[in-house]
Number of protein chains: 2
Amino acid sequence: MATSRGPYAKGVAKREEILRAALEVIARHGYRKTSTRELAAAVGLSEAGLLHYFGSKEKLFEAVLRARDEADQERSAGRDDLIDRLISVVRHNSDVPGLVQLYSTFSAEAGDSEHSAHEFFVERYDRLRDALAEAVRARQSDGTIDAAADPEKIATVLIALSDGLQIQSQFRLGTEAAELMDHVVGLLRP
Amino acid sequence: MATSRGPYAKGVAKREEILRAALEVIARHGYRKTSTRELAAAVGLSEAGLLHYFGSKEKLFEAVLRARDEADQERSAGRDDLIDRLISVVRHNSDVPGLVQLYSTFSAEAGDSEHSAHEFFVERYDRLRDALAEAVRARQSDGTIDAAADPEKIATVLIALSDGLQIQSQFRLGTEAAELMDHVVGLLRP
DNA sequence: GTCTATACCAAGATAGAC
DNA sequence: GTCTATCTTGGTATAGAC
């Protein structure tokens, strides 16, 4: 039985290079028009070489979204209120429409329970919902959100707003998505 | 140059038959797995024959979404409040996950301004936003929504909620999407 | 230094849009 | 039928554990 040795240092570095390049290409170029061929060329690999690292295009995109989540977390590491952080991510996203499109298209496709990224999104939404509900409870304690509100419901609503507003913002929007999120949070005051 | 005669009666009927079949196949089968090949087979046409009616796969799906909008409108023709109608459509959609997936994936993809359905969504969102804002104003008049609220913002938020909650509902959701919409509308009371 | 899993590539199979 | 996209197969070269 072949024991796994894990990736070599070279492979680890290449993986990171691929993710960085993919984030950049997709941010500029959009999701639909980004082929494995193009991504492979951007990092000096053949298509087979690229797929060696990720197995499939879908798995690669899943890894790109994980990398984006990490980058978002680092960028907003200062703030400790998750609701503010969510809004600041939404604000930042208006500068990277290609990534927004990747996220929305991919999450919609992954609704199919047989999609390889289905579980990724199930867990991501669960985690985000739990953490946001906790943030809502904290705000209820300090009186900036009505104590009568249901934290889980509010968390679900905030995520839906974030997703839905960013989709709409690709088609003109009277008001900025982040500003609308702020506005809704304001409506939750006691 | 040949003058256009427009579609013959036979063509019109076939177009409708294709749309009906497509709605059914997609509702059952989902969006990703529905190829032009499969749709052509379902209505007894060759692929070329199918594409003759719609020009491209994207145009066909756009037509499917138009047909769905019409069907939704007919089904909820009784109610005259658009907010209630929106919520009832969301409720109905939980029975046709394939169509929800078509809609969310397609709208996300069409965020690209070069996508052939981009304008369709721009107009659809504009129209829906205007009509919903009008419905909000009506509710402000009869006192069920706070007069201080901005009708356009509320309309945008309700659409985002509808889209976002339906995406999340593909990945488990504590509460039903329609119920959460109702809940949010309740929060808008004076 | 040996050995084998990892890092890649060339060519082609497959499938979908048109 | 043609073109383009993903992914597989079957291979060589090299990193790095022992």
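The chains referred to below are lettered A, B, ... by the order of the sequence lines, with proteins before strands, and numbering in each begins at 1.
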Asks: Applying side chain to side chain contact (heavy atoms under 4.5 Å, CB included) between B:Leu99 and each of B:Arg28, B:Arg68, B:His92, B:Glu24, report the one that passes.
Replies: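 The side chain to side chain contact (heavy atoms under 4.5 Å, CB included) with B:Leu99 is passed solely by B:Arg68 among B:Arg28, B:Arg68, B:His92, B:Glu24.
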Asks: The test is side-chain contact (heavy atoms from CB on, under 4.5 Å); show your working for A:Leu165 and A:Val90 and say whether it passes.
Replies: CA-CA 9 Å; A:Leu165 286 173; A:Val90 170; 5.9 Å; no
Asks: Grab the NE2-C1' distance between B:His115 and C:dA17 for me, whole Å please.
Replies: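 Taking NE2 of B:His115 and C1' of C:dA17, I get 13 Å after rounding.
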Asks: Closer than 3.5 angstrom, by distance alone: can the side chain of B:Arg172 be matched with the main-chain N or O of A:Val122 as a donor-acceptor pair?
Replies: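 A pair under 3.5 Å: no.
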Asks: To the nearest angstrom, how far is A:Arg15 atom CZ from C:dA7 atom P?
Replies: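 It is 10 Å, rounded to the nearest whole Å.
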Asks: Classify the side chain of A:Arg37 versus the base of D:dT4 as yes if they form a donor-acceptor pair under 3.5 Å and no if they do not.
Replies: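 It does not, because no donor-acceptor pair links the side chain of A:Arg37 to the base of D:dT4 below 3.5 Å.
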Asks: Please report the distance, rounded to the nearest Å, between CG in A:Leu60 and C1' in D:dC7.
Replies: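 Going from CG in A:Leu60 over to C1' in D:dC7 covers 13 Å.
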Asks: With a cut-off of under 6.0 Å to the ring centre and 45° to the axis, is B:Lys14 in cation-pi contact with B:Phe54?
Replies: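 No - B:Lys14 does not lie over the ring of B:Phe54 by the 6.0 Å and 45° rule.
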Asks: Roughly, in whole Å, what's the span from OH in A:Tyr8 to P in D:dT14?
Replies: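 Answer to the nearest Å: 13 Å.
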Asks: Is it the case that B:Thr156 and B:Glu152 place a side-chain donor and acceptor less than 3.5 Å from each other?
Replies: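 Per modelled atom types, B:Thr156 and B:Glu152 side chains form no pair under 3.5 Å.
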Asks: To the nearest 0.5 Å, what is the distance between CG on B:Asp163 and CD on A:Gln168?
Replies: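 Taking CG in B:Asp163 and CD in A:Gln168, the distance rounds to 6.5 Å.
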Asks: Can you tell me how far P of D:dA15 sits from CZ of A:Arg5, to the nearest Å?
Replies: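 Going from CZ in A:Arg5 over to P in D:dA15 covers 12 Å.
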Asks: Once you round it to whole Å, what is the distance between P of C:dG16 and OH of B:Tyr31?
Replies: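 So the OH-P distance, B:Tyr31 to C:dG16, works out to 14 Å.
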Asks: Taking only the side-chain nitrogens and oxygens of A:Ser4, find out if one of them lies under 4.0 Å from OP1 or OP2 of C:dT6.
Replies: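 True: A:Ser4 side-chain N/O within range (under 4.0 Å) of C:dT6 OP1/OP2.
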Asks: With salt bridge (Lys or Arg N to Asp or Glu O under 4.0 Å) as the criterion, how do A:Glu70 and A:Arg66 come out once you've worked through the C-alpha distance, each side chain's angles and the decisive distance to 0.1 Å?
Replies: CA-CA 6 Å; A:Glu70 274 172 40; A:Arg66 283 185 203 275; over 6 Å; no
Asks: Output the rounded distance in Å from NZ (A:Lys10) to P (C:dA5).
Replies: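 After rounding, the gap between these two atoms is 18 Å.
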Asks: Tell me whether the OP1 or OP2 atom of C:dG16 has a side-chain N or O from B:Thr36 closer than 4.0 Å.
Replies: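 Checking C:dG16 against B:Thr36, no side-chain N or O comes under 4.0 Å of OP1 or OP2.
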Asks: Between P on D:dT6 and CZ on A:Phe61, what's the gap in Å once rounded to a whole number?
Replies: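 A:Phe61 atom CZ is separated from D:dT6 atom P by 8 Å.
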Asks: Of the options C:dA17, D:dG16, D:dA5, whose atoms approach the side-chain atoms of A:Ser35 most closely?
Replies: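 Looking only at heavy atoms from C-beta outward on A:Ser35, the closest nucleotide is D:dA5.
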Asks: Could you identify which residues of residues 47-59 of chain B place a heavy atom less than 4.0 Å from some atom of DNA chain C, listed by residue number, or say none?
Replies: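 Those residues whose heavy atoms fall under 4.0 Å from DNA chain C, taken from residues 47-59 of chain B in numerical order, are B:Glu47, B:Leu51, B:Ser56, B:Lys57.
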